[in-house]
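Scroll down for the structure; my scribbles are underneath it.
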There are 2 protein chains.
Amino acid sequence: MAIVPSPHAAGSAPLEQPQREAPSALTIRRTESLASLVRKELERMIVSGELRGGDRLNEQALAERLQVSRGPIREACRSLEQTGLVEVQVNRGTFVRQIELKEALEIYEVRSALFGLAGQLLAQDASPALLARLKGLLERMDAASDNLDAYYPLNVEFHATLVDSAGNGHLAATYHALAKQLHLFRRRGLVPRESMKVSNREHWAMYEAIARGDAAEAQALMQAHIRAGKGRLIKMTRAETVAPPALAEDD
Amino acid sequence: MAIVPSPHAAGSAPLEQPQREAPSALTIRRTESLASLVRKELERMIVSGELRGGDRLNEQALAERLQVSRGPIREACRSLEQTGLVEVQVNRGTFVRQIELKEALEIYEVRSALFGLAGQLLAQDASPALLARLKGLLERMDAASDNLDAYYPLNVEFHATLVDSAGNGHLAATYHALAKQLHLFRRRGLVPRESMKVSNREHWAMYEAIARGDAAEAQALMQAHIRAGKGRLIKMTRAETVAPPALAEDD
DNA sequence: GCCCTGTAAATTGTCAACAGTTTTCAATCC
DNA sequence: GGATTGAAAACTGTTGACAATTTACAGGGC
């Protein structure tokens, strides 16, 4: 089943080469390759759900749609192949990968280990400014705990702040790459309301372990936090219920 | 400094398209793209040290050398970019990445967390056949502990067996990808002889924790094992001494 | 109806050419 | 000698054409 992305889908237009302010013939030069722009656009389409697992990326159609030649499309696909978002099959094309439950659980496991490591590192070295920022997020999440639409972005931001502040670029990059891949998993489960309160209590506990510099405790709590999310994922898939968007930071 | 790989370097020849046995005009078809073959060859060149950090990959020269057009070279470079082995700079070319100590230490940290997770998973579910295999490797390493050339490959195999047997593909893939990147770090330290005995004592301890199903102990020991390697890396760089090849599984 | 065959259309993989950008190098000036 | 300039060479980014492979589909047989 080859689904060619609709030419009228929201968001996809010819790619714009980044330009400096007040561009003129003397100042315009290439600062980003088309291949790079195509890669980002395809990532956006995958993460947003516009492209779904199993969809085939038709080079010719994409080239026409994005108004580039097929070369940059091919290059972008090679990039996406290595990040695990697509699979390139020789002579047959490039397909958005599909992730089954087993693989999603594997990703959760690896993420939980990385999240735990982030906790360890943070507890060893968290600045007052970071702690204040985390606390602010926690308080806003408390205030939003009756409203998923408000809570969820804060939750995502809290998680990302933790990982990005751990002082290890490879940790952050790996964690985020895995999160992106989780978008390929399309089973969705309801997030019960009480779950947000539980979720933020766990967040507070993590924060407190970090603040008092307890590395072992922070690691254990943060690893367990993602694992709890894994447990909920299993429950959701059993319930076969339907629910809101992405899973990557689904507490 | 752009170093174009020497046309006479060992190992690099025109790429061979995989063929089935007794190929004829009727049976030959493409089973692997040139881009994929090029990627593998470039990886080999990087991991083997033939290409070093900072080297520029000249598309034209490589195309001539490997007897392909520049397209597959470009595609391969996009792949390598995402795996962290090279850096693509628009309009300037593709460069083998260089890793400084700070980044090497980051990689060690992430690897230690992943290795610890492998221990956790193995302790929860290790088959008798796997345990027997690990024990065999341990015994061979004991016998080889006076001989680095014999010890080192066994050590690599032991580590890979652990990670590959943990039952989590993403864990293994991530771990190995990071190991590959460590080849970009070019400071080398002497591996003292006593270090192999210490190293294998730690291996035995890990094995025993796994065998008795002690997940927490296995995780801690295995995480500590890589961290000890990290500590040795720091010491080596301070000593500024020179020593044998790759670091990725340098206990 | 299903299965097989053959052909055309569609698509992918690669190549070479062209345009744009950067690097190299010679000449000139101080 | 060092700094600057300008042109040529080298290289990268993209495109379109061609070759190879796969897919789609029509027609025929059972």
request  = Send over the distance from Asn91(B) CG to dT21(C) P, rounded to a whole Å.
outcome  = 7 Å

ask   = Can you check the Gln60(B) CD to dT22(C) C1' distance for me, whole Å?
value = 16 Å

message = Can you tell me which nucleotide in dT14(D), dT12(C), dT12(D) comes closest to the side chain of Arg56(A)?
response = dT12(C)

query = Does the side chain of Gln60(B) pick up a donor-acceptor pair with the side chain of Glu64(B) at under 3.5 Å?
reply = yes

ask   = Could you give the CG-to-C1' distance, from Leu34(B) to dT14(C), as a whole number of Å?
value = 7 Å

query = Considering only heavy atoms from C-beta outward, does the side chain of Leu130(B) approach that of Leu122(B) to under 4.5 Å?
reply = yes

query = Phosphate oxygens OP1/OP2 of dT14(C): is one of them under 4.0 Å from a side-chain N or O of Ser69(B)?
reply = no

key: Nearest-Å distance for atom pair CD1/P, residues Ile73(A) and dT11(C)   = 14 Å

key: Sugar-phosphate, base or nothing in reach of Gly71(A), heavy atoms under 4.0 Å   = base

note = d(Cys77(B) SG, Glu75(A) CD) to nearest 0.5 Å is 9.0 Å

query = Counting just side-chain N and O atoms, does Arg92(A) come under 4.0 Å of either OP1 or OP2 of dT23(D)?
reply = yes

ask   = dT22(D) P sits how many Å from Phe95(A) CZ, rounded?
value = 12 Å

request  = Using atom CD of Glu64(B) as one end and atom P of dT12(D) as the other, report the distance to the nearest whole Å.
outcome  = 11 Å

request  = Give a yes-or-no answer on whether the side chains of Arg111(B) and Tyr175(B) include a donor-acceptor pair shorter than 3.5 Å.
outcome  = yes

task = Figure out the CD/C1' separation between Gln89(A) and dT22(D), and round it to whole Å.
result = 12 Å

ask   = Is the phosphate of dC11(D), meaning OP1 or OP2, less than 4.0 Å from a side-chain N or O of Asn58(B)?
value = yes

ask   = Is Arg70(A) side chain donor-acceptor paired with the dG16(D) base, going by distance under 3.5 Å alone?
value = no

ask   = In Å, rounded to the nearest 0.5 Å, how long is the span from CD of Glu106(A) to CG of Leu178(A)?
value = 10.5 Å

request  = Could you check how far CZ of Arg74(B) sits from P of dT12(D), rounded to whole Å?
outcome  = 8 Å

